Amino acid sequence: MTGVVTSIEDVIDLQPHRIGAHTIFDNGGLSPYWAMVSQYEPDLDEREETFTFDDIEYEIVRSSHWQGKIEAPPSATFDGAMNEYKLGVYAADDPHNELGADFTFRPGFPKACHVETGDLIGGMPTECPESVRVQIESTNLSQFEVLGLLQSLASYLSIDAGYFVEAHEWSRIYALELYGRIERDTATGKVAGKGGVLEHLSQFSNGRGRGEHHWDHEAIKGHYEAVALSPDNWKRLLPDQTLAKRLKCYQPKWVRSETSSDDPLFHHKIECQYWADYYPDGESPIQWTGYDTAVAEFRETVVNALHWAGVDFAPDSDVWIEDPYFEPGQADDAVGVRPNPMPDLEQQTRADAADQLAGPGTSEGAWDVLVAMTDGGGRHYQEVADEAGKSASTVYRAAERFADIIEVDNGMVRFRDGVVRDQIEEIAERWQSTKETTMDSLKRVADRASPFSRRDDGEPSALERWANRHGIVVHSTKDPLEMELKRPVGLQEMLKILRSGLDAAEASPLPSERFENALIDWTGLDGQVRKGRRVVNNGRFLGKHEVHRSIW
């Protein structure tokens, strides 16, 4: 299904954006920690001094220390807690402090105990060797550069740099991000937004494991869109993948204007992130020594996604935009590029779903449960039962009957794929369009003057299907249109419904302006009724935009 793999050498090299790691350096036992204790001064960030690494001048821009929770070992000359030290080291000529790292130095030794409770310290191995533990948070540096910067910092502080050459095997990476900057028109036309590759990938984000799809296209198309998939879901697309990752395409929080196209930030980042949210707390499958393997997997993810989007991923392509930290260049290793597997996967999944529906075990009750489940992602079984007008046991029987396309987890019922949900929704819409058992359906099909059903062949328009799908009642087809959503939803879900409604209006004879000026009543999850809200107000859905929080 994934087709022939083509090994291509002429592919873009991605820039490390962030590395977060817990490292252990045991060459010298506790000596490097005691060296930091003796050399540290609170005013290190106030000194007008720099040191050189890789032909770049670096300075300590912040320094702090605090009393930790680890009780001093018997070998110490004092009792009580041991201090921890944090130094922020960044390029001296970078006003934004986006080239460098924060290093936090902590002691490590076996069976370390909490100074107050006497319990073993959590978050470090019980048999941790005598060592200095260094937490790393770097920006725009590779792993090799991070180690070099740490060694150069040690030398600057008159500490033996040899302590920091080789990290212990228990060292782990808990955050990893790589990016390239891509030309805006390409990003918004092929990667993000309606019809982009991220939207297609999102079909695999709501079933079979874990996944998420987030977007914000209000300030600009592709302002932010991201798809996170669990390892099993990535493996369906790229068989050699092993990590949970989030692929995203985004602009800065404050979008650059159309007049500033010379500014690199006018254009988008395409970024791949290790997604630790899909692993148990404290668990990281990326070893410090596995950095190169993880980077290669990230590169494979980005290059194949661009290939499926029809974007040239060669380093000399015009789509790449240089910025102060990203310079387009060729990767050191070839990448295996595969044909887009999503159409075949979608076709097979749809066929499997249709085959199950056609089986003799599909009762009317089971069908009603499936239709009720098309109104969103995972939902509690009782909510599905209430919407379908069936008992909870009917929901569970339907889940058992359709085990290949429905999963139940902790009372939450969901389709295994967005593809399955769309297939059921499509069948349900066709079925609903011919089912004329209610006066409301009869009226809309018969009323040829209604902007919600104006098609020559008598079939419901896209807007009519949208209203049926979401349970929206149209009270008036005069200007302004008056509508009501019959079920409570949160603001983000309401915005999603209205966006899809505008898409439906654009595919219907109804002028988009009439839909934008329509009034809608709806009830929030707090039970408060919102009456007569204009669909688009001052260029924004419901007048809502940037709800006082950053989404990345």
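Computed from a prediction, not measured in an experiment: that's the story for all the values here.
Atom CG of D318 is surrounded by 12 or fewer heavy atoms from other residues, nucleotides or ligands within 6.0 Å. Annotation for E166: atom CD does not count as buried by contact number, only 12 or fewer foreign heavy atoms lying within 6.0 Å. Counted within 6.0 Å of CD on E98, heavy atoms from surrounding residues, nucleotides or ligands total more than 12; the atom is thus considered enclosed.
Here the CD1 atom belonging to I270 is positioned 5.0 Å from the CG atom belonging to L247, to the nearest 0.5 angstrom. Here the CG atom belonging to L485 is positioned 9.0 Å from the CD atom belonging to E493, to the nearest 0.5 angstrom. Summarising the geometry, atom CG belonging to N340 is positioned 8.5 Å from atom CG belonging to L237; distances are rounded to the nearest 0.5 Å. Note that the NZ atom of K221 and the CD atom of Q251 stand 13.5 Å from one another [nearest 0.5 Å]. Interatomic distance, CG of D26 versus OG of S131, reported as 6.0 Å (0.5 Å rounding). A distance of 10.5 Å separates CD in E212 from OG in S230, rounded to the nearest 0.5 Å.
Between K269 and D323 there is no salt bridge, since no side-chain N of the basic residue sits under 4.0 Å from a carboxylate O of the acidic one. Remark: R534 does not engage E516 in a salt bridge, criterion side-chain N to carboxylate O under 4.0 Å. A salt bridge is defined here as a Lys NZ or Arg NE, NH1 or NH2 lying under 4.0 Å from an Asp or Glu carboxylate O, and E46 with R62 fails to meet this definition.
Applying the ring-ring contact (aromatic ring centres under 6.0 Å, His included) rule to Y174 yields the partners H22; only residues at least two apart in sequence or on another chain are considered. Partners of H17 under the ring-ring contact (aromatic ring centres under 6.0 Å, His included) rule, at least two apart in sequence or in another chain, are Y179.
Heavy atoms only, all atoms of each residue included: L14 and G180 are closest at CD2-N, 4.1 Å. In this structure, H65 and N83 approach most closely via the heavy-atom pair CD2-ND2, 4.1 Å. Across L502 and F541, no two heavy atoms sit closer than the pair CD2-CZ, 3.9 Å. Heavy atoms only, all atoms of each residue included: E137 and G20 are closest at OE2-CA, 3.9 Å. Between L141 and I19 the shortest heavy-atom distance is O-CD1, 3.5 Å.
Residues V11 and P315 form no side-chain contact, since every pair of their non-hydrogen atoms from C-beta on lies 4.5 Å or further apart. In this structure, D102 and I136 have side chains that are not in contact, with every pair of non-hydrogen atoms separated by 4.5 Å or more. Under the 4.5 Å side-chain criterion, counting only non-hydrogen atoms from C-beta, H470 is in contact with S500. Using a 4.5 Å heavy-atom threshold, the side chains of F326 and I12 count as touching. Contact annotation: the side chain of W522 approaches that of R533 to within less than 4.5 Å [non-hydrogen atoms, C-beta and beyond]. For the pair L99 and Y90, the minimum side-chain heavy-atom distance is 4.5 Å or more. Between Y58 and Y156 the shortest side-chain heavy-atom distance does not fall below 4.5 Å. With a 4.5 Å cut-off on side-chain heavy atoms, I159 and F164 count as touching.
You'll find the ring centres of F515 and W466 inside the 6.0 Å limit. Aromatic pair Y40/Y85: ring centres closer than 6.0 Å. Checked against the 6.0 Å centroid criterion, the rings of F25 and F105 do not qualify as a close aromatic pair.
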CA sep, side-chain torsions, deciding dist, call: L176, W275, side chain to side chain contact (heavy atoms under 4.5 Å, CB included): CA-CA 8 Å; L176 182 61; W275 203 233; over 6 Å; no

Walk me through it: do E177 and F298 pass the test side chain to side chain contact (heavy atoms under 4.5 Å, CB included)? CA-CA 9 Å; E177 303 172 3; F298 280 31; 5.9 Å; no

Under the criterion side chain to side chain contact (heavy atoms under 4.5 Å, CB included), I'd like the reasoning laid out for V227 against Q203: C-alpha separation, chi angles, the key distance, then a yes or no. CA-CA 10 Å; V227 174; Q203 292 293 317; over 6 Å; no

Does V303 form a side chain to side chain contact (heavy atoms under 4.5 Å, CB included) with W308? I'd like the steps, not just the answer. CA-CA 9 Å; V303 167; W308 301 338; over 6 Å; no

Working for salt bridge (Lys or Arg N to Asp or Glu O under 4.0 Å), residues R499 and E218: CA-CA 10 Å; R499 289 189 189 101; E218 289 185 327; 3.6 Å; yes

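R18 places no side-chain N or O within donor-acceptor distance of the main-chain N or O of P16, the cut-off being under 3.5 Å. A donor-acceptor pair under 3.5 Å is formed between the side chain of T301 and the backbone N or O of E297. Without hydrogens or angle criteria, D54 side chain to I56 main chain gives no donor-acceptor distance under 3.5 Å. Under the 3.5 Å distance criterion, the side-chain polar atoms of H267 are left unmatched by any main-chain donor or acceptor of V319. In this structure, N304 contributes its side chain and G336 its backbone to a donor-acceptor pair below 3.5 Å. Using modelled atom types, no side-chain atom of E225 and backbone atom of L198 make a donor-acceptor pair closer than 3.5 Å. A donor-acceptor pair is defined here as one N or O able to donate and one able to accept, closer than 3.5 Å; such a pair exists between the side chain of R133 and the backbone of P107. Side-chain atoms of Y279 come within 3.5 Å of backbone atoms of A244 as a donor-acceptor pair (strictly under, hydrogens ignored). Between the side chain of Q287 and the main chain of G290, no donor-acceptor pair closer than 3.5 Å is present. The closest donor-acceptor contact from the side chain of K235 to the backbone of Q241 lies under 3.5 Å.
Side chain to side chain, Q135 and T104 fail the donor-acceptor criterion of an N or O pair below 3.5 Å. For the residue pair E183 / T186, a side-chain donor-acceptor distance below 3.5 Å is found, with atom types taken as modelled.
Geometric assessment of R184 against the ring of F266 yields a positive cation-pi assignment under the 6.0 Å and 45° thresholds.
Applying side chain to side chain contact (heavy atoms under 4.5 Å, CB included) to W288 and the options H168, Q143, R172 leaves one that passes, Q143.
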